[in-house]
Amino acid sequence: MALFGGIQLPGKPDLENVRKLDLLCLPMISRMTRAGVAIDLPYLADLSVEFGREMAELQRDISSYIPPDALDRFVDASTAEDDATGRAIPVEINANSADQIRVLLYDLLRVHLGKNIKPTASGKLSTGKRQLELCREHPVVAKVLAYREWSKLKSAFVDALPKLARFHPRGASCPLCELPHDAPTWRLHGDILTTRAATGRLSMKKPNLQQIPTRSKIGQRVRAAFIAPPGKRFVSCDFSQIELRDLAHLSNCSSMIDVYLNDGDLHDDTCHRALGVPWDEKPDKYKHRMGAKRVNFGIQNGTTEKGLYLQLVMDFHANGLEIPDWLTEEWCKKFIADWLESRPEVQNYFELQWYRARRYGATWDAFGRTRLIPEVKSMHRRVRQEGLRQAQNLPVTSTAAGHLKLVMGELDETFRRLYDGGIYVWPLLPVHDQVIVEVEEEWADTVGVIMSDCFAKVAHDKETGENLWRVPIKSDCEITTRWQKEE
DNA sequence: CAGCACGGCGCG
DNA sequence: ACCGCGCCGTGCTG
């Protein structure tokens with residue numbers, strides 16, 4: 001019994017097995033780092049100008065809400081000198097400053113009145129997104145949130161990425177990346193770190209290409225700056241709901257396993273089981289499915305009713321909808337309780353992790369990767385509960401991370417064979433549950449099939465072909481010219 | 001000027 | 001008071 005590379009499923013701490021797993025993906029990581037990914041600098045330059053204009057306008061709008069008698073609280077030192085000359089001081093709030101936003105929203109405009117705004121660690125009222133979403137009635141709040149989105153995307157990506165790009169000169173074999181390319185290009189080569197995350201995940205820095213925007217409309221425009229060079233395609237393959245499939249397997253939850261065996265939809269299943277939607281009715285996209293999705297993904301992290309509530313408030317706003325009457329913290333509490341009650345094996349499995357954390361001071365995943373959890377012995381309740389959530393989360397996240405390392409190891413071998421046959425596949429990025437490669441257009445479909453197949457068989461015994469998981473593992477594949485959703 | 005903590009937020 | 005990361009700007013300190 002063995003997976004690719006002789007990896008075992010010991011189900012108990014196993015350092016040697018994990019060492020082998022971690023070494024498997026190093027060759028591909030080395031190739032990824034050297035290849036880098038091409039980026040469209042002129043396009044980003046345009047975005048920078050446009051984003052800057054949007055920010056300036058919003059900053060003016062926000063500043064116009066400052067009460068006249070409070071203007072002096074927002075004068076910064078560089079403009080204050082004008083006072084002596086008797087000229088009018090141009091007062092603008094620095095919308096990047098949480099302190100200034102806090103003063104404007106809470107001290108001056110009192111937008112939080114009647115709302116339950118929680119303080120941050122240091123005791124000040126939080127101006128975070130989750131809190132501001134509760135005060136959206138006041139028009140200035142929406143402006144602040146909009147400003148934050150443009151600002152984040154501009155500073156962290158649009159303006160930051162070009163500074164890290166390296167120039168690749170024209171050449172049959174570029175000395176930088178060893179990648180044959182006809183046109184000169186700029187490419188980003190982030191460092192891929194293998195020993196950073198407590199969960200065994202890979203992380204990335206300078207830049208971290210695992211955090212390139214994708215969720216928002218504007219984010220998609222940033223992501224479009226990543227391009228496949230002329231004549232090439234991106235092939236991106238990801239596991240479908242791998243963490244939920246792993247949770248089903250690890251907890252041996254019969255109802256979740258049934259859903260996946262029948263190629264069903266877990267979110268709909270949750271609507272029926274925990275929300276009481278009759279089995280012959282189709283769940284409503286917003287009333288049922290949105291919440292079901294949130295709980296399905298949140299449950300493994302020990303989400304609270306408050307957390308779920310705030311999350312759903314944000315979901316409704318993101319879809320331009322009013323908060324419905326039935327959405328309360330009480331409702332969320334019952335939802336979470338019903339979820340766990342209808343899937344008792346999962347509740348059981350979580351309790352097993354808590355037990356391990358308390359008894360052994362550690363939890364471990366399917367491959368034997370172990371994480372110490374000293375927090376569970378803390379004097380402080382908050383810290384203890386933090387430890388329990390970590391213990392609960394680890395096996396799922398860590399097992400899923402192991403799956404990705406397995407496919408990276410196996411694909412690297414496959415790609416080397418293809419290379420010998422004249423097909424050049426260049427792995428570019430690992431993104432937690434997916435691998436992105438660059439390949440000549442004519443081979444994109446072939447490579448997509450090869451990758452999908454490798455992903456789907458990640459848990460198969462490499463000698464017998466038997467699926468060692470209690471659920472089928474599925475994958476999705478996309479072929480694109482830019483790193484964004486097509487059309 | 002560099003380094004740091006903090007609040008905040010991008011991704012899975 | 002939802003897990004895991006890395007990175008931004010602010011505001012303070014040495």
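The chains referred to below are lettered A, B, ... by the order of the sequence lines, with proteins before strands, and numbering in each begins at 1. Every value quoted in this text rests on a predicted model; they were computed, and no experiment measured them.
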What contact category does A:Leu193 fall into here, base, sugar-phosphate, or nothing, at under 4.0 angstrom with non-hydrogen atoms? sugar-phosphate
Is there a side-chain hydrogen bond (donor to acceptor under 3.5 Å, both in side chains) between A:Trp469 and A:Asp246 once you walk through the steps? CA-CA 8 Å; A:Trp469 245 236; A:Asp246 282 341; 2.9 Å; yes
Could you tell me whether the side chains of A:Asn296 and A:Trp339 share a donor-acceptor contact shorter than 3.5 Å? yes
To the side chain of A:Arg382, which of C:dG4, B:dG12, C:dA1 is closest? C:dA1
Nearest-Å distance for atom pair CD1/C1', residues A:Ile212 and B:dG12: 13 Å
The residue, A:Ser151 or A:Gln300, whose nearest nucleotide of DNA chain C is more 5′ is A:Gln300
Reckon A:Ile299 touches a base, only the sugar-phosphate, or nothing at all at heavy-atom distances under 4.0 Å? nothing
Electrostatic pair A:Glu386-A:Arg382, nearest N-O below 4.0 angstrom: yes
On the nucleotide C:dC3, are OP1 or OP2 found under 4.0 Å from the side-chain N or O atoms that A:Thr199 carries? no
Any idea which of B:dG12, C:dC3, C:dC7 is nearest the A:Gln434 side chain? B:dG12
Over 60° means perpendicular and under 30° means parallel, so tell me whether A:Phe455 and A:Phe239 are parallel, tilted or perpendicular. tilted
Considering only C:dC5, C:dC3, B:dG8, which nucleotide approaches the side chain of A:Ala198 most closely? C:dC5
With respect to the side chain of A:Asn96, which nucleotide from C:dG9, C:dG6, C:dG11 is positioned closest? C:dG9
Can you tell which of B:dG10, B:dG8, C:dG4 lies closest to the side chain of A:Phe157? B:dG10
Within this structure, what is the CD1-to-P distance between A:Ile242 and B:dG12, rounded to whole angstrom? 16 Å
Give the nucleotide from the list C:dC3, C:dC2, B:dG8 with an atom nearest to the side chain of A:Gln311. C:dC2
Taking any heavy-atom pair under 4.0 Å as a contact, classify A:Thr397: base, sugar-phosphate, or nothing. nothing
From CG of A:Asp246 over to C1' of C:dG4, roughly how many Å is that when rounded to an integer? 16 Å
In whole Å, I'd like the distance from the CD1 atom of A:Ile218 to the P atom of B:dC9. 14 Å
Rounding to a whole Å, what distance do you find between A:Glu92:CD and C:dT10:C1'? 18 Å
State plainly whether the residues A:Glu133 and A:Arg130 are in salt-bridge range, i.e. N to O under 4.0 Å. no
For the residue pair A:Arg31 and A:Trp426, would you count it as a cation-pi contact if the rule is NZ or CZ under 6.0 angstrom from the ring centre and within 45 degrees of the ring axis? yes
In whole angstrom, give the distance that lies between atom CZ of A:Phe297 and atom P of C:dG4. 18 Å
Would you say C:dT10 has OP1 or OP2 under 4.0 Å from some side-chain N or O of A:Ser97? no
C:dG6 phosphate, OP1 or OP2: any side-chain N/O from A:Arg196 under 4.0 angstrom? yes
At 4.0 Å (heavy atoms only), tell me whether A:Gly298 reaches a base, stays on the sugar-phosphate, or touches nothing. base
Whole-Å distance, A:Tyr106 OH to B:dG7 P, equals 13 Å
Salt bridge flag under 4.0 Å for residues A:Asp338 and A:Arg273: no
Of all the choices, C:dG11, C:dG4, C:dG6, which nucleotide is nearest to the side chain of A:Arg201 once you look at every atom? C:dG4
Does the side chain of A:Lys129 get closer than 4.0 angstrom to OP1 or OP2 of B:dG10 through an N or O atom? yes
Side chain of A:Asp99 - closest among C:dC5, C:dC2, C:dG11: C:dG11
Does the side chain of A:Asn94 get closer than 4.0 angstrom to OP1 or OP2 of C:dT10 through an N or O atom? yes
Determine: side-chain N/O of A:Gln390 to OP1/OP2 of C:dG4, distance under 4.0 Å, yes or no. yes
Side-chain contact check for A:Asn208: nearest option of C:dG4, C:dG6, C:dC8 is C:dG6
The correct set of residues in residues 353-373 of chain A placing a heavy atom under 4.0 Å from DNA chain B is none
With no angle test and no hydrogens, is the base of B:dG12 tied to the side chain of A:Arg215 by a donor-acceptor pair under 3.5 Å? yes
Any salt bridge linking A:Asp365 with A:Arg371? Criterion: basic side-chain nitrogen under 4.0 Å from a carboxylate oxygen. no
Which nucleotide wins on minimum distance to the side chain of A:Lys152, given the candidates B:dC9, B:dC11, C:dT10? B:dC9
To the nearest angstrom, how far is A:Ile101 atom CD1 from C:dG11 atom P? 11 Å
Donor-acceptor pairs under 3.5 Å, side chain of residues 190-209 of chain A to any protein atom, not counting sequence neighbours: which ones?
| unit_1 | atom_1 | unit_2 | atom_2 | d |
| --- | --- | --- | --- | --- |
| A:Asn208 | OD1 | A:Gln210 | N | 2.9 |

In chain order, what residues pass the side-chain contact (heavy atoms from CB on, under 4.5 Å) check against A:Pro10, with sequence neighbours excluded? A:Gln8, A:Lys12, A:Asp14, A:Asn17
Which whole number of Å gives the distance between the C1' atom of B:dA5 and that of C:dC2? 23 Å
